[in-house]
Asker: 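Okay, handing you the structure first.
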Amino acid sequence: METSENDGEISTPKPKAKSSKATNGTKKSKAEANGSPKKASKEEEEEDTYKWWEQQQQDEQDAADALGDGSVKWKTLQHNGVLFPPPYQPLPDHVKLHYNGKPVSLPPAAEEVAGFFAAMLATDHARDSVFQENFFKDFLRVLKDAPPKDGTVIETFESCDFRKMYDHFESEKAKKQGMTSAQKKELKEAQNQVEEKYKTCLLDGRKEKVGNFRVEPPGLFRGRGDHPKKGALKNRLRPEDIVINIGENEEIPVPNVPGTWKKVVHDNTVTWLANWKENINGNFKYVFLAASSSLKGQSDMNKFEKARELKKHVDRIRKDYSQDLRAKVMADRQRATAMYFIDKLALRAGNEKGEDEADTVGCCSLRCEHVTADPPDKLIFDFLGKDSIRYYNNVPVDPQVFKNVRIFKEGKDHDDSLFDRVTTGALNKHLASYMPGLTAKVFRTYNASITLQQQLDDHTPADGTVMEKLAAYNKANRMVAILCNHQRSVAKGHGDSMQKMADKLKGLKYDRMKLRHALFALDAKYRKKKAFSELESDLDEEWIESWEDRLRDKDIEKAEKKFIKDNEKLTAEGKETLEESVLKDRIKDIRQEHARLVKERGTDKAELKRSKPAEKIEEAIESLDQKIKNFKLQMEDKEEGKEVSLGTSKINYLDPRITSAWCAKHDVPITKIFSKALVQKCGHQTLFFLPWAMSSDPDWKF
DNA sequence: TGAGGGACTTAGCACTTGGGCA
DNA sequence: TGCCCAAGTGCTAAGTCCCTCA
C-alpha cells in the first residue's frame, strides 16, 4: 500500500509499473457463495477492499516471481462458449426478389444474402456504388452454388428489385413494435433464458460478466468512409471457425448449433474466451470479458496510472523535443515535430495502412497534402482520421514547427509522406526511453485527463447549483472531446428541437412577465424594485400575440379531448353523457380568458387565474428565474455539443478518479455524470474497483 | 529491420430503454 | 397512460502496439 501525495493519507493504491495482469484469488464469503449477499458496513467494505488489494498484489508478485516473465494472467477459467445466431428462416412464398420485373425463386442460401441487401435498402449504404458492387460480386458467387430454382439467370445488379423483400422486413419490424408490453416481456424472458449461461464466466473462481458472447451474425460489411470492401458478404460462422480458450481441466462447452470447435486452447496469458478470423479483412475477432469485469477494470487503472506517470517526465520530454526541432539530423527533427503534434494536438500515432483499407491517416502517416502552412505561424490540418472522421484544425504553432513543415514539404509531391524518416515503431521506441511503456497513445490519455482536471479546478462555480456545476463539467468534458476530435453526426431533429426549446424559453419568460405584472397590479411599489423592473427583452408584441393565440388553441383542443374522454367514460359506466353545451361553455370560458389577456397587453398589469399574495408571487418569480437560468444553460449545452461526442472521452480518456473526487468535493451525485454501467465499471457499486476509481478524498488530483 | 500476426483499446452508429411531459 | 426524445447500451469496425520470424 502506498500513500497519496496528499499529507501522507492512505489513498488509492498504485499499481506496479508493468502490470496488465489479471486479478487472482479473491474468494467470496460463504454468504455470498450461497447467493445471499453480505450486507457490509462502509468500513468493513473498505477493509475487505484493502485485504483484497493486498492479496491481489501478492498473487501477482508470486506469479511473476514464479515465471520470471510476468506473463501469467489467470489460474482457472470456466465458461460456456459463444452463442450462435439461429439458422436462417426462409421468407414466406409471396416475398421474393424480382429480376427484370419477375419474381425469382431463390434457394435459402441466396435468399439470405439478397435479404441482407434488401434490409438496408433505405440506408445510404445501399445507394453507394462500391457497396453495391461488392455486394453483387459476392451475391453472384453465392448464386453459383445456389442458383435460382426457376432457372432465372441473374447478371446485373440494376435488374434486381429488392423492394418486396424490404417491405416484408419493414412490416415484420412494425409487427414487433406493435406487440403488447406483455408479449415483449415474454419474448425477452425467453431470450434471457437462452442467453443466461453465456453471460458470465468463472475466472479464478470469481463470477465475471462476459462482454460480446454472441457470435457476429452474417451480413454485409459496413466499412466506414471509403472502405474498398464495404458491402462484401460477412460469412455465417460455424463452430469450425471458432477457437475456444478455457481452463485446462474445465468442461469443454457444447456449441448451440451442430459442429465442433475449430480448436480448444488453454492460454492463460491472454484474456479472450474465444476468437475467430473474419473473412473480409482477415482480422481476428475476440470474445472478451465485459468492461465491468475485474480484468478490464485493472487494465483501465493501469492505463491511467501510466498516464499519471507521464506527468513526471513530460517537462523533460517537451524540453528535449523543443530542442530537437532544430536538430541537424533530419530524422530527429522530423521525430521532434511529430512529437509536438502528438503532444499539443493529441494526434494519434498513425500506423501505415494497407491498400485494401480506407485511406485514413494519423501523425506519422500524414502526407504533404494534409498540412498546409498558413503564414506567419499557422498550420491547417485537413485529413481523415480514424473511422474516416475529418480532422480540420487551423492552429498557430511554434515558429520552428512552422518552419520545419515547410522544410519537410520541400521538393515533395502532395501525396508524399510528410514524415518520411519517422515510423510509429521508432517513435514509440524513443518515447519508451523516457519512461517504460510510454507510447504515443499515452499522450492522448494524459492530455485528456490533465485538461479535465485543470478545467474543473479553474471553472467549477464553488457556490453554484448542481446544474451550474454540471454545466461546468460538461464544458470541460467537451473541451477534451474537441481536443481528441470525438465527433458525432448532428441528430436529425436537432434544428426543430432547438426551435422548440427557444419557444419554451420564451414561454417561461412570458410567465415571468405575467407574474411581474400581477405584482404591479397589487402594489405599484414593486415597479421600482430592480428584481422586478427588468423587462423580458426578447418578448415582442407580435410574439406575445401569437403565444396567447397558441395558448388559447391548445386549451380548446385539450377541452375537446377531455370532453370526449369524459363522455366515453360515462358511457362505459352506463351513465348519461355530457351535453354539447358543456363543451361550448368550457370553450367560451377559454375564449373569455384569452380576451382578458388581450386586454391586459401593454398595460403592465395582470390578473392571475388564481390570486396569490405578493410574497407568494415573489417566490414564484424567484423560482421561475432559476428555471429560466437552468433552461438557458441546457440550451447552450445542447447547441455547443451537437457535433461533439462526450461519451468516448468519458469512457476511454478521463481518469474516473478526477470525476469521483470532483463529485465528492462539490456535492454532485456521481450518477449525474456516469451511467449505471459506468459507475459499476468505475467502482461505486462493486467492491472490486473501489480502490482505484472510488476516491473518497475530494482533494485527489490526476 | 520490416512485415505480418495477434491482442487489446478506442470509436461512431444503430437500436433500445426509460423518464418526463401533456 | 401513452408518446416522444434523450440517454444508454450493444455492436463491430478501426485503431494502437507488441511480438515473432525471416
Side-chain angles (χ1 to χ4, degrees), chain A residues 20 71 73 120 123-125 173 176-177 181 184 188 211-217 219 221-225 227 229-230 234 243 245 267 269-272 275 277-278 280-292 295-296 299-300 302-303 348-354 357-358 360-365 384-389 423-429 431-432 437-442 444-445 448 481 484-489 491-494 496-497 500-501 504 554-555 557-558 561-562 565 634 638 641 643 645-653 672 674-678:
Chain A
S20 59
S71 62
K73 298 236 169 187
M120 294 171 81
T123 68
D124 288 342
H125 292 297
K173 218 193 274 178
K176 211 175 160 191
Q177 270 169 359
S181 33
K184 283 180 188 167
K188 185 133 199 226
N212 52 331
F213 56 85
R214 294 177 198 89
V215 165
E216 287 178 22
F221 175 65
R222 297 178 188 217
R224 312 217 171 114
H227 198 296
K229 290 186 178 173
K230 60 182 163 184
K234 257 175 69 169
V243 179
N245 190 27
D267 186 351
T269 67
V270 294
T271 67
W272 53 268
N275 81 7
K277 207 169 190 179
E278 51 95 1
I280 306 284
N281 301 300
N283 291 330
F284 280 91
K285 298 276 186 144
Y286 297 89
V287 172
F288 290 116
L289 294 188
S292 59
L295 225 54
K296 295 278 187 197
S299 168
D300 239 25
N302 291 339
K303 175 181 75 186
R348 294 187 184 84
N351 288 317
E352 286 301 320
K353 293 189 74 181
E357 294 173 279
T360 63
V361 297
C363 183
C364 296
S365 51
L384 296 182
K386 181 176 176 180
D387 293 317
S388 293
I389 296 291
T423 63
T424 51
L427 180 72
N428 282 338
K429 210 171 163 189
L431 290 174
L438 181 62
T439 63
K441 178 170 152 325
V442 182
R444 262 169 90 82
T445 315
C484 295
N485 201 38
H486 292 145
Q487 297 185 19
R488 61 169 179 168
S489 45
K492 268 179 196 161
H494 177 81
D496 289 349
S497 168
K500 260 188 207 165
M501 281 181 100
K504 194 177 164 186
K554 240 191 240 171
D555 283 348
E557 201 187 314
K558 237 195 267 174
K561 273 190 189 163
K562 190 174 183 306
K565 216 172 177 185
Q634 222 179 312
K638 195 179 159 104
E643 283 180 293
S645 164
L646 300 184
T648 308
S649 49
K650 202 184 268 183
I651 293 166
N652 300 305
Y653 289 105
K672 294 268 179 199
F674 289 140
S675 68
K676 207 178 131 200
L678 278 176

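So you know, we letter chains A, B, ... as the sequences are listed, proteins then strands, and number each from 1.
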Asker: Starting from the 5' end of DNA chain C, give me the residue, A/N281 or A/R214, whose nearest nucleotide shows up first.
Answerer: A/R214

Asker: Between A/S299 and B/dT9, is there a side-chain N or O to OP1/OP2 distance below 4.0 Å?
Answerer: yes

Asker: So, is A/Y286 close to the B/dT9 phosphate, meaning a side-chain N or O under 4.0 Å from OP1 or OP2?
Answerer: no

Asker: Using a cut-off of less than 4.0 Å, is there contact between a side-chain N or O of A/N351 and OP1 or OP2 of C/dG15?
Answerer: no

Asker: Does a side-chain N or O from A/N283 land closer than 4.0 Å to OP1 or OP2 of B/dG6, or not?
Answerer: no

Asker: OP1, OP2 of C/dA13 versus side-chain N and O of A/K230: anything below 4.0 Å?
Answerer: no

Asker: Under 4.0 Å: is that the gap between some side-chain N or O of A/H227 and OP1 or OP2 of C/dA14?
Answerer: yes

Asker: Please confirm whether the shortest side-chain N or O distance from A/H486 to OP1 or OP2 of B/dA11 is below 4.0 Å.
Answerer: yes

Asker: For DNA chain C, whose closest nucleotide is more 5', that of A/F221 or that of A/K650?
Answerer: A/K650

Asker: Assuming nearest nucleotide by heavy-atom distance, tell me which of A/N275 and A/N485 is located more 5' along DNA chain B.
Answerer: A/N275

Asker: Strictly below 4.0 Å: does A/S675 bring a side-chain N or O up to OP1 or OP2 of C/dT9?
Answerer: yes

Asker: So does A/K386 reach the base of B/dT10 with its side chain, donor to acceptor, closer than 3.5 Å?
Answerer: yes

Asker: Taking only side-chain nitrogens and oxygens of A/S645, does any of them come within less than 4.0 Å of OP1 or OP2 of B/dA11?
Answerer: no

Asker: Just N and O in the side chain of A/R444: are any of them under 4.0 Å from OP1 or OP2 of C/dG15?
Answerer: no

Asker: Can you see if the side chain of A/T360 gets near the phosphate of C/dG15 - specifically, an N or O under 4.0 Å from OP1 or OP2?
Answerer: yes

